[in-house]
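Below, read A as the first sequence line, B as the second, and so on, with proteins coming before strands; counting in each chain starts at 1. Please read all numbers here as calculations on a predicted model, not as lab measurements.
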Number of protein chains: 2
Amino acid sequence: MEGNSDVDEAVEILQQMGLKEYEARCFVALTRLSEATAKRISEVSDVPRTRVYDAIRVLETKGLVEVQHTNPKLFRSIPVEEAVGNLLDTFESRGSRLSDTLHGLESVSPDDSPEVCHEVWALSGDRAISNRSYQLIDDAEEELALVARSEVFEDGELVARLGSALDRGVDVTVGTLDGSPDGLRETLSGADVFSSGVGWIASSSDAEDSTEIRRVMLFDRETILVSSDHATDSDASEETAVFGHGFNNGLVAVLRRMLLSRIPDG
Amino acid sequence: MEGNSDVDEAVEILQQMGLKEYEARCFVALTRLSEATAKRISEVSDVPRTRVYDAIRVLETKGLVEVQHTNPKLFRSIPVEEAVGNLLDTFESRGSRLSDTLHGLESVSPDDSPEVCHEVWALSGDRAISNRSYQLIDDAEEELALVARSEVFEDGELVARLGSALDRGVDVTVGTLDGSPDGLRETLSGADVFSSGVGWIASSSDAEDSTEIRRVMLFDRETILVSSDHATDSDASEETAVFGHGFNNGLVAVLRRMLLSRIPDG
DNA sequence: ATATTCTGTAACTCAGTTAATCACAGCATC
DNA sequence: GATGCTGTGATTAACTGAGTTACAGAATAT
């Protein structure tokens with residue numbers, strides 16, 4: 001009825017979580033009503049009354065509502081935390097089932113194997129990029145440089161892995177792109193810590209680009225990872241990264257020079 | 001190509017988790033290949049080669065694959081655990097965002113409030129039913145009876161809540177529908193524990209029904225919950241429950257008599 | 001009792017999405 | 001330069017979901 005933005009947001013999230021529009025709208029309406037008839041749900045959710053029944057039936061099988069089979073039927077919402085928990089639960093169980101089945105097959109002959117000596121890979125998503133960087137940190141043998149926006153260092157796992165690299169005897173150099181790196185000096189004793197001037201690395205060329213550098217990492221002078229926040233169409237920004245490997249890779253060479261030239265020599 | 005059932009299962013799960021068919025098939029193929037070109041992925045996944053590119057692009061934004069932008073393009077899979085973790089991650093963040101938004105609205109006038117003194121509600125799903133039973137156990141004030149298949153008692157939380165009900169001074173009576181209840185006697189000292197003969201409660205009427213009673217619970221002689229496993233079309237069986245409340249509710253009355261008549265008097 | 005409103009089911013239409021195919025412009029290799 | 005392959009875009013067909021209508025049974029009012 002009235003264009004409530006919070007309702008719309010909830011509906012959208014529910015759709016992203018696998019519900020149809022009617023199902024999502026009915027669920028949100030019922031959550032606000034606690035208990036209601038199909039007619040009332042239709043009024044609040046703006047879903048055609050005759051389709052409320054189908055939608056609720058699906059919601060019931062997902063453990064999101066309760067149904068009283070009287071005439072007229074009554075529908076009752078389930079406490080929010082509980083309902084969301086149910087959704088998460090089924091999703092997680094799917095996740096583990098998926099892990100199992102995927103492990104059960106793996107490996108088919110790669111058939112064509114074009115040897116690549118200069119690799120440049122793209123990947124996206126905060127978590128995927130973090131994971132890749134963890135792996136690269138773990139694989140580093142000699143030296144490792146990391147210049148990033150300060151919030152990157154709020155990731156405890158990242159810091160921990162940097163610490164273990166230090167313990168392995170890897171030369172670790174870290175720097176921030178914005179704030180002061182004082183906190184790091186404590187947590188990463190043994191590492192070179194510096195505060196980078198913002199200027200040299202920011203994409204100063206085109207400002208309306210809406211792309212902001214987030215991390216620049218260099219591993220053993222032969223592997224590099226550069227990530228940036230790119231504004232997406234809808235709401236938040238997404239992190240995308242380019243990750244290059246190979247000594248004679250042009251990208252690696254250029255960025256290596258950029259990075260090393262501004263890092264105080266160890 | 002060959003109709004591998006494990007592959008199909010993985011594809012189906014991935015689709016349930018929000019991927020399109022092509023995306024799911026490409027992901028599974030790439031997981032088996034580790035690294036491949038579009039052509040090879042097309043061969044293995046049976047997805048039209050020209051559509052592999054779109055599919056992979058989506059997969060990349062979800063943090064499920066890496067892309068090397070060369071010619072020909074190379075696609076590389078991300079370790080299974082990592083990829084599944086990425087999926088779960090985005091889902092969980094959606095879940096918490098959903099919780100927040102939903103809490104931010106709640107409550108609209110129920111408008112019509114048909115007072116019901118004999119309620120019978122239906123709900124389904126293992127977790128939803130468990131949660132409801134937890135709540136009912138917590139709300140029980142005087143007595144509580146629970147007859148269920150033995151695996152139900154493997155739920156630690158259920159047992160814990162039964163224990164706390166006991167501590168509150170609630171008369172607790174538990175029984176199993178199948179196995180021996182010896183383990184329960186230890187964990188629930190203070191409760192009446194008995195092993196029910198299967199006969200009296202099984203739906204002996206029509207055997208081809210494929211419905212099996214799972215739990216029968218009675219709370220304060222006025223609320224009852226009966227759940228059963230109903231075979232679904234596809235794979236596993238789903239648990240559905242009827243949950244009745246109200247002293248003069250017919251269902252409650254009948255089942256209460258059935259249940260109490262077979263429970264040794266406390 | 002009869003009329004009238006309401007409830008729940010089922011069918012249908014229309015629109016948007018997705019699967020599947022085709023045409024074509026770079027690259028590559030021969 | 002010819003041929004085969006790669007990646008993009010457009011196009012069609014099949015399907016799914018949103019929105020509507022018809023209708024039989026139930027409940028309520030008169």
Next item on the list: Output the single nucleotide from D/dA18, D/dG9, C/dT9 whose closest atom is nearest the side chain of B/Arg51.
Entry: D/dG9
Check: In whole angstrom, what separates A/Lys20's NZ from D/dT16's P?
Finding: 10 Å
Check: Hey, which of these two, A/Pro72 or B/Arg49, hits DNA chain D nearer its 5' end, going by closest nucleotide?
Finding: B/Arg49
Next item on the list: Write down the distance between OH (B/Tyr22) and C1' (D/dC15), rounded to a whole number of angstrom.
Entry: 13 Å
Next item on the list: Please work out if A/Pro48 contacts a base, only the sugar-phosphate, or nothing of the nucleic acid, heavy-atom cut-off 4.0 Å.
Entry: base
Item checked: Length of the CZ-C1' vector between A/Arg57 and C/dT9, whole Å -> 8 Å
Item checked: Rounded interatomic separation in angstrom, taking CG from A/Leu19 and C1' from D/dG17 -> 14 Å
Check: Among D/dT20, D/dA18, C/dA20, which nucleotide sits nearest the side chain of A/Thr50?
Finding: D/dT20
Notebook entry, point to check: DNA chain D: A/Arg25 or A/Asn71, which has the more 5' nearest nucleotide?
Noted result: A/Arg25
Notebook entry, point to check: Taking C-beta and beyond as the side chain, do B/Glu35 and B/Glu66 meet within less than 4.5 Å on heavy atoms?
Noted result: no
Checklist line | A/Arg97 vs B/Glu9 side-chain heavy atoms within contact, under 4.5 Å | finding: yes
Notebook entry, point to check: What residue among A/Glu239, A/Gln135, A/Arg215 forms side chain to side chain donor-acceptor pair (under 3.5 Å) with A/Ser130?
Noted result: A/Arg215
Item checked: Distance in angstrom units between A/Tyr53 OH and C/dA11 C1', rounded -> 17 Å
Notebook entry, point to check: Roughly how many Å is it from CG in B/Asp54 to P in C/dT21, rounded to a whole number?
Noted result: 15 Å
Item checked: Euclidean distance, atom CD of residue B/Gln68 to atom P of D/dT6 [Å, nearest integer] -> 15 Å
Check: Would you call A/Asp54 and A/Arg51 a salt bridge, taking side-chain N to carboxylate O under 4.0 Å as the test?
Finding: yes
Notebook entry, point to check: How many Å lie between CD on B/Glu21 and P on D/dA14, as a whole number?
Noted result: 16 Å
Notebook entry, point to check: From D/dG7, D/dG17, C/dT9, pick the nucleotide closest to the side chain of A/Lys73?
Noted result: C/dT9
Notebook entry, point to check: Charged N to carboxylate O below 4.0 Å: is that the case for B/Glu43 and B/Arg40?
Noted result: yes
